[in-house]
Amino acid sequence: MSENVVHLHKPTDPPTPDTAPTVLTVVPDAPPAPPVPLWVRPGRAVRTAVTHERTRSTARAVARHSLYTLNGGRIVARRAWDGRTGARYERMIRAAEAAGNLEAAEEWEERLTRFRAARHHRRMDLLHSPVEAAKGVAVGAGMSIGVLVALGVVMAINTGQVGDVITPLSATIDFIALLIRIVQIVWGPALTIGPFLALLALWSVGRRQQAAPNWALPANVRSGEGEPITPSIVVKALRDLGVPALRNAIKEMGDAGAGMLGPITIAGCGVEVDVTLPSGVSTVEVQNRRRKLAENLTRHEHEVFITIPQAARTVRLWIADSGALDEPIGPSPLAIDETLIADYTKGKAPWGQDLRGDAAALSLYQRHLLITGLSNQGKTAALRALALWACLDRRVEFRIADLKGAGDWAMFDGLATVLIQGPADEQVIEATEMVEGLVEEMNRRIEIRRRDPGAVFDPLIGIVDEAQVAFMCPVKDEDGRPYGGSKAVSRYFMAVRKVNNQGRVVDVLMWQGTQDPTDQNLPKLVREGAHTRASLALGTESQARMALGDKAVDGGAAPHLLRQGLDKGTLVVASDGIEIPAGQASITVRTHYIDDEQATAITDRAKALRDGVTTLHAIDRGEERDPLADIATVLGSDARVRTQEVITRLTALNADAYAGWSFIDLKRVLDAAGAEPYKSDGRMVVGRDRVARALADRDTDGSASAE
């Protein structure tokens with residue numbers, strides 16, 4: 001069709017911009033689609049019918065019930081063969097020999113010998129049984145006829161009819177004839193129906209045993225969700241693991257494959273079983289197939305844990321109830337028990353629950369701590385939970401550097417003597433000098449311990465969260481030494497190493513939390529200096545080895561198999577400070593989550609136990625110090641503070657200036673300013689008002705002199 005032009009104004013009018021012709025293009029209708037060839041339509045119909053879910057379900061049902069019958073016949077034949085031969089005993093003997101149990105093998109061999117002797121005796125009896133049977137039939141028939149005739153004689157005497165003598169015998173013959181007639185009538189249909197009944201019996205056996213491939217079973221059976229763990233299920237899962245030596249050994253054992261298994265015991269929200277592997281099968285081969293083993297047990301990979309106990313050639317399987325690990329655990333005792341207090345020396349921090357559902361508590365006494373994991377997996381929450389318990393012991397002092405700066409440690413303001421928050425290089429520098437302050441305090445305590453071996457010190461815990469920020473910091477000081485890095489010139493690295501090496505004996509401890517452990521952001525000498533090493537979900541096995549050590553990973557620790565985002569707060573812990581089952585190198589702990597509101601309530605209780613702590617949010621460096629002004633700074637809002645506490649706070653403020661101070665140095669400065677220390681409740685204290693008055697008088701005198 002050609003284009004048509006339609007003018008909307010009169011033809012006599014001159015064209016103007018407002019009356020310009022409008023061109024309408026008439027587009028012809030699209031040509032109809034060509035008809036589908038007739039030979040294509042049946043193909044589409046067939047493809048639709050074949051791929052339809054109903055067709056698939058029907059095909060699975062046909063295959064399932066056919067295989068029920070076929071495999072049911074195989075099961076019945078196997079049972080019949082076992083009943084008629086010594087095959088069962090021979091399998092038991094092979095199983096006992098494979099397990100190295102010679103006593104059991106001898107016992108089964110003795111049973112086989114008795115079975116064969118009894119079978120031989122029965123076969124010998126069959127040689128004489130036809131003659132004996134014929135004699136028995138003859139005697140039985142003669143006695144029966146005699147009894148019937150005697151009964152007939154009695155009847156004849158009673159009735160006076162001679163013919164009644166054969167009446168019982170005749171009735172018996174008629175009854176036998178009736179039975180023969182019934183058999184003749186039933187025999188034909190029985191021959192027809194009998195095979196069908198036999199097939200039905202075989203189908204029933206196969207159905208009870210679910211003797212069909214997994215793909216052919218019904219969906220509710222195929223999923224296996226919540227299926228209880230039994231010895232046969234464990235044996236089948238091991239048999240189908242893909243280890244030829246293991247499969248062949250179990251095949252030879254037959255039903256006695258369960259002999260490899262120890263008792264299946266309930267362990268928390270799952271079950272636990274020890275498996276003694278046959279000769280030629282390594283525990284590593286089973287460990288490396290954790291996912292396949294879990295799927296064979298109708299579980300997810302994270303619901304099966306494989307550890308290596310002390311027994312040789314043995315793996316310990318912990319199998320969770322389906323879906324149990326996705327359920328949250330209860331609240332922390334710290335959040336629900338307001339009377340709970342801590343004992344750093346003898347107590348243990350309630351951290352969570354192990355996989356068996358038992359309480360998992362960690363001793364913090366003289367143990368450096370390292371927690372690693374991917375981002376947003378609960379590392380800070382796990383680290384903070386331990387600090388929240390420790391702060392309920394009034395003796396414990398905290399110095400904290402939060403290099404994330406998101407406010408996760410804000411509730412420790414007024415509780416920690418140092419609280420640094422922020423990810424910038426400035427905060428890394430302050431965190432480095434905070435750790436160097438720990439080194440100075442450690443050296444001071446060591447010197448005191450050298451002079452007085454019985455000296456006891458209050459615990460001092462330095463915490464650096466997101467420590468990888470410090471290790472990766474490229475900034476250098478005025479002498480050219482880098483703050484970060486993993487070499488001997490790195491200030492942060494060397495300070496942490498020194499605390500790890502000697503701090504424990506004088507209760508100066510280092511706790512660190514870091515992401516994605518590598519040699520760059522967590523040097524080997526630092527991570528191996530931690531007594532307690534814990535890891536949340538990680539990306540690779542090499543990271544797991546860096547986080548926990550080779551021994552723990554070789555023993556079954558697998559934080560790299562935890563699910564990122566789903567297993568938040570689940571830690572794999574290697575430490576002598578937590579109870580670990582005998583023979584294992586690590587334990588998996590699901591930690592309690594304490595939110596910010598609960599954490600604030602706990603720290604408020606901790607603050608009530610103390611006289612008052614002034615928190616420093618920055619550490620001054622390199623400036624000329626004003627001791628009296630610094631004393632006023634560390635006193636804060638406290639009316640009076642013990643002299644030793646003032647010295648401690650001054651050291652935290654600037655270790656270079658005040659680390660070596662004693663009571664004499666403090667008294668000298670205060671006496672010169674007219675703010676002498678005095679006794680209160682039998683202890684020497686420094687009064688805030690006296691120091692403030694001395695500062696005011698000094699400033700006034702300075703101004704007057706200037707005038």
Subject >> Test salt bridge (charged side-chain N to carboxylate O under 4.0 Å, His left out) applied to D458 and R394, step by step >> reply: CA-CA 9 Å; D458 289 341; R394 59 178 300 170; over 6 Å; no
**OP:** Using ring-ring contact (aromatic ring centres under 6.0 Å, His included) as the criterion, list what pairs up with W511, not counting sequence neighbours.
**Re:** none
Original post:
Angle class for the W409/F412 ring planes (parallel below 30°, perpendicular above 60°, tilted otherwise)?
Top reply: tilted
Subject >> Check: D337 side chain, P333 main-chain N or O, donor-acceptor pair, under 3.5 Å >> reply: no
Subject >> Pairwise distance CD(E338) to CD1(I336) - rounded to 0.5 angstrom >> reply: 10.5 Å
Original post:
If you round to the nearest 0.5 Å, how far is CD1 of I371 from NZ of K379?
Top reply: 9.0 Å
**OP:** Taking only Lys NZ, Arg NE, NH1 and NH2, and the carboxylate oxygens of Asp or Glu, determine whether D408 and K404 approach each other closer than 4.0 Å.
**Re:** yes
Subject >> Lys/Arg N to Asp/Glu carboxylate O, E440 vs R444, below 4.0 Å >> reply: no
**OP:** Check step by step if side chain to side chain contact (heavy atoms under 4.5 Å, CB included) holds for T345 and R395.
**Re:** CA-CA 10 Å; T345 305; R395 299 172 298 171; 3.5 Å; yes
**OP:** Indicate yes or no for a side-chain donor-acceptor contact from T591 to the backbone of G569 under 3.5 Å, with no hydrogens or angles considered.
**Re:** yes
Original post:
Okay, side chain of R545, backbone of V553: is any donor-acceptor separation there less than 3.5 Å?
Top reply: no
Subject >> Verdict with supporting geometry, I664 and L666, side chain to side chain contact (heavy atoms under 4.5 Å, CB included) >> reply: CA-CA 5 Å; I664 296 175; L666 177 64; over 6 Å; no
**OP:** Before accepting this row, confirm whether a basic side-chain N of the pair D393/R610 lies closer than 4.0 Å to the acidic partner's carboxylate O.
**Re:** no
**OP:** Pick out which of T514, N521, D516 makes a side chain to side chain donor-acceptor pair (under 3.5 Å) with T518.
**Re:** N521
**OP:** Could you tell me whether the side chain of Y593 and the main chain of P331 form a donor-acceptor pair under 3.5 Å?
**Re:** no
Original post:
Donor-acceptor pair, R640 side chain versus R688 backbone, under 3.5 Å?
Top reply: no
Subject >> Sidechain-backbone polar pair: H368 side chain, R533 backbone, donor-acceptor under 3.5 Å >> reply: no
Subject >> Minimum side-chain heavy-atom gap L562-V572 below 4.5 Å >> reply: yes
Original post:
Within the side chain of D477, is there an N or O that forms a donor-acceptor pair under 3.5 Å with the backbone of G480?
Top reply: yes
**OP:** Taking all non-hydrogen atoms of both residues into account, name the closest pair between I647 and W661 and its distance.
**Re:** CG2-O, 3.8 Å
**OP:** Could you check if a side-chain atom of V691 sits within less than 4.5 angstrom of a side-chain atom of L670, using non-hydrogen atoms only?
**Re:** yes
Original post:
Does any pair with a residue in residues 584-604 pass salt bridge (charged side-chain N to carboxylate O under 4.0 Å, His left out), and if so which ones, sequence neighbours excluded?
Top reply: R384-D596
Subject >> A416 versus I400, closest heavy-atom pair with distance >> reply: CB-CD1, 4.0 Å
Subject >> More than 12 heavy atoms of other groups within 6.0 Å of L525 CG >> reply: yes
**OP:** Please test E436 against R491 for salt bridge (charged side-chain N to carboxylate O under 4.0 Å, His left out), starting from the C-alpha separation and ending with a verdict.
**Re:** CA-CA 8 Å; E436 289 175 340; R491 291 180 59 177; 2.8 Å; yes
Original post:
Is the closest side-chain heavy-atom distance between K551 and D554 below 4.5 Å?
Top reply: no
**OP:** Flag the pair R450 and E447 as a salt bridge only when some basic side-chain nitrogen lies within less than 4.0 angstrom of an acidic carboxylate oxygen.
**Re:** yes
Original post:
What do the steps show when you test I580 against I587 for side chain to side chain contact (heavy atoms under 4.5 Å, CB included), and what is the final call?
Top reply: CA-CA 6 Å; I580 297 177; I587 186 172; 4.0 Å; yes
**OP:** Report the distance from atom CG of D567 to atom CG of L536, rounding to the nearest 0.5 Å.
**Re:** 9.5 Å
Original post:
Do any N or O atoms from the side chain of D479 and from the backbone of R481 form a donor-acceptor pair under 3.5 angstrom?
Top reply: no
**OP:** Please name the residue in the list L438, T648, D507 that meets the side-chain contact (heavy atoms from CB on, under 4.5 Å) test with L460.
**Re:** L438
Subject >> Residues K524, D519: salt bridge by 4.0 Å N-O rule >> reply: no
**OP:** Report yes if some heavy atom in the side chain of F493 is under 4.5 Å from a heavy atom in the side chain of P523; otherwise report no.
**Re:** yes
**OP:** Mark yes when over 12 heavy atoms from residues, nucleotides or ligands other than D681 sit less than 6.0 Å from its CG; otherwise mark no.
**Re:** no
**OP:** For atom CD of Q366, decide whether the heavy atoms of other residues, nucleotides or ligands shown that lie under 6.0 angstrom number more than 12.
**Re:** yes
Original post:
Between F398 and V396, is any pair of side-chain heavy atoms under 4.5 Å apart?
Top reply: yes
**OP:** Of all the heavy-atom pairs spanning R497 and V526, show the shortest one and how long it is.
**Re:** CG-CG2, 4.3 Å
Original post:
Rounded to the nearest 0.5 Å, how far apart are OG of S490 and NZ of K476?
Top reply: 11.5 Å
**OP:** Verify side chain to side chain donor-acceptor pair (under 3.5 Å) between Q468 and E466, making sure each step is shown before the conclusion.
**Re:** CA-CA 5 Å; Q468 77 279 354; E466 305 296 343; 2.7 Å; yes
**OP:** Keeping the roles fixed (side chain from Q377, backbone from G565), state whether a donor-acceptor pair exists under 3.5 Å.
**Re:** yes
**OP:** Search all heavy atoms of Y492 against all heavy atoms of M510 and return the closest pair with its distance.
**Re:** OH-CE, 4.2 Å
Original post:
Nearest heavy-atom pair of K348 and A361: which atoms, and what distance?
Top reply: CB-CB, 3.6 Å
Original post:
For the residue pair M684 and K679, what are the closest heavy atoms and their distance?
Top reply: SD-CG, 3.3 Å
Original post:
If you draw a 6.0 Å radius around CD1 in I341, do more than 12 non-hydrogen atoms from other residues or ligands fall strictly inside?
Top reply: no
Subject >> Validation row: L653, T651 side chains within 4.5 angstrom (heavy atoms) >> reply: no
Subject >> R605 side chain near L340 side chain, heavy-atom distance below 4.5 Å >> reply: yes
Subject >> Nearest-0.5 Å distance that lies between atom CZ in R399 and atom CG in L509 >> reply: 12.5 Å
Original post:
Does the pair R527 and M546 meet the rule for a side chain to side chain contact (heavy atoms under 4.5 Å, CB included), with working shown?
Top reply: CA-CA 8 Å; R527 62 179 184 255; M546 291 182 183; 3.9 Å; yes
**OP:** Find the distance between CD1 (I463) and CD1 (I420) and round it off to the nearest 0.5 Å.
**Re:** 12.5 Å
Original post:
Can you find a heavy atom in the side chain of T372 that is under 4.5 Å from one in the side chain of L522?
Top reply: yes
Subject >> Residues that H592 engages under ring-ring contact (aromatic ring centres under 6.0 Å, His included), provided they are two or more places apart >> reply: none
Original post:
For G414, does its backbone N or O pair with a side-chain atom of T615 as donor and acceptor, under 3.5 Å?
Top reply: yes
